[in-house]
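Proteins come first, then strands; the chains are lettered A, B, ... in the order of their sequence lines, and each starts at number 1.
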Number of protein chains: 2
Amino acid sequence: MTANPFPRRAEPDVRRQGLIAACTRVLAREGAAGTSVRVIAREAGISPGLITHYFAGIDALISATYDHVDQTVAAAMAQAVDAAGSDPRARLDAFVTASFAPPIADRALLATWIAFWSLVTARPDIARQHDDQYAAYRARLTELLAACGVRCDHLRLAAISVTALVDGLWLELCLSPGCFTGTEAGVIARAHIDALLTRRA
Amino acid sequence: MTANPFPRRAEPDVRRQGLIAACTRVLAREGAAGTSVRVIAREAGISPGLITHYFAGIDALISATYDHVDQTVAAAMAQAVDAAGSDPRARLDAFVTASFAPPIADRALLATWIAFWSLVTARPDIARQHDDQYAAYRARLTELLAACGVRCDHLRLAAISVTALVDGLWLELCLSPGCFTGTEAGVIARAHIDALLTRRA
DNA sequence: CAGATTGTTGTACGATCGTTCAACAAGCTT
DNA sequence: AAGCTTGTTGAACGATCGTACAACAATCTG
């Protein structure tokens, strides 16, 4: 009855997703330095050789993991924005507030990001992947800001500004969780947006 | 004439500084992943075994490098602040503006920071070092903000806010230099401080 | 029930990792 | 000048890295 012609031991996509999930867990638990083929394979409950079979190499797996995490984040943000209704300001607030709560504010996510940043310096292709993903992030934020009535000629710097503030807060929140709370981060970000919007009016 | 009783091949402090400088250069050029004992030793023009002689291990060298870079940054910032004169607002502006110009906004610095962040997850002692250095950074910023008249009960969140914004801008400026300029980052940061100060008055 | 096909295993390989240590060399003391 | 102290070397070690590949097992075809 199944349409798949080769449903052997495990569906290829299921394996790939399983490997990505295992890679994410290892990245979170061991950090970028402790993430190796053997550790990931043990975490996924498979043989080390199978990783090379499904991915071109360990770098390709980490790249795919980054891509998957990025998509997960984007989806969670989009859902938070949609759940906020139709009021532009409420949607913008939901976007930044979601950044400081699970599953976004999470050490596992930070570990994945750091593992990637550490590759940006040496590998141009990964630098490009970072540029693309960040541009997409800013584009989504730009839409939300435009809907709130930010003037066109202020839009670019406004998006850069909010992105930087949210990122800085998110980074510190993950690195030093005891310093301030996610709620306080939300208060700071919304106050910054208040100032942005009133300056325009 | 020299007071040092054992000025053999090279002064111990000179060697240590040389190793730290070599480690900084390798970190910037190769990234955290490509930084090894042998590469650092070749960069410093010495034998691999000497590193273990001067530092407890490669981790201790990286830790010392982080510490040195942090002190260099703090010194550069302090100099920029002092050069701004005695006006509190001018001193605060100088602090944030210096963050987006050489030698602060530099890929080498970013690589060092990332190398350290990647160790925070797995090693509690390095997590503590990060917490301490960030607390010191916020303390210096808190002083500057207090001198500008920020109310006591707003001081903590104000410092966290400015720190996060400056860090976020600095991070993106180093990771994707083509996205916006250091001058634009300065404009954004000073506008944010404007909003902070006028809200208080 | 063969035979073909393919997911999966586990070992083996070469490279590189951080660290150790016996031997050497350079400077100080006597 | 001889002897001692100590910075420095470079080879060697065991561990671990990413990858390749022959053998095995499980499924599908006919």
**Study point:** Along DNA chain D (nearest heavy atom to each residue), the more 5'-positioned of A/G34 and A/T52
**Key:**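 Comparing both residues, the 5'-ward one is A/G34.
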Determine: side-chain N/O of [X] to OP1/OP2 of [N], distance under 4.0 Å, yes or no.
X: A/S36; N: D/dT16; answer: no
X: B/S47; N: D/dT8; answer: no
X: B/Y54; N: D/dT8; answer: yes

Point to revise | Among A/D106, A/L169, A/L110, side chain to side chain contact (heavy atoms under 4.5 Å, CB included) partner for A/C174 | key: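 Going through A/D106, A/L169, A/L110 one by one, the side chain to side chain contact (heavy atoms under 4.5 Å, CB included) with A/C174 is satisfied by A/L110 alone.
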Check your understanding: Going by heavy atoms in the side chains, are A/V120 and B/R107 under 4.5 Å from each other?
Key ->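 Yes; the side chains approach each other to less than 4.5 Å.
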From [atom1] of [X] over to [atom2] of [N], roughly how many Å is that when rounded to an integer?
X: B/E30; N: C/dC17; atom1: CD; atom2: P; result: 10 Å
X: B/H53; N: D/dG10; atom1: NE2; atom2: P; result: 16 Å
X: B/L19; N: D/dG7; atom1: CG; atom2: P; result: 14 Å
X: B/R38; N: C/dT19; atom1: CZ; atom2: C1'; result: 9 Å
X: B/F55; N: C/dT20; atom1: CZ; atom2: C1'; result: 18 Å
X: A/I58; N: C/dT16; atom1: CD1; atom2: C1'; result: 16 Å
X: B/R42; N: D/dT9; atom1: CZ; atom2: P; result: 14 Å
X: B/R16; N: D/dG7; atom1: CZ; atom2: C1'; result: 15 Å

Point to revise | Sugar-phosphate, base or nothing in reach of B/I46, heavy atoms under 4.0 Å | key: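 Sugar-phosphate, no base atom in range.
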Check your understanding: What is the nucleic acid contact for A/G57, judged by heavy atoms within less than 4.0 Å: base, sugar-phosphate only, or nothing?
Key ->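 Sugar-phosphate, no base atom in range.
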Check your understanding: A/R140 and A/V81: side chain to side chain contact (heavy atoms under 4.5 Å, CB included), yes or no, with the steps?
Key -> CA-CA 11 Å; A/R140 294 192 291 270; A/V81 168; over 6 Å; no
Check your understanding: Nearest to the side chain of A/R15, which nucleotide is it out of D/dG18, C/dT9, C/dT8?
Key -> C/dT8
**Study point:** Residue pair A/D67 / A/Q71, side-chain donor-acceptor N/O under 3.5 Å
**Key:**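 Note: A/D67 and A/Q71 side chains meet the donor-acceptor criterion.
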**Study point:** Flag for B/H130-A/S176: side-chain donor and acceptor within less than 3.5 Å
**Key:**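 On atom types as modelled, these side chains qualify, holding a pair under 3.5 Å.
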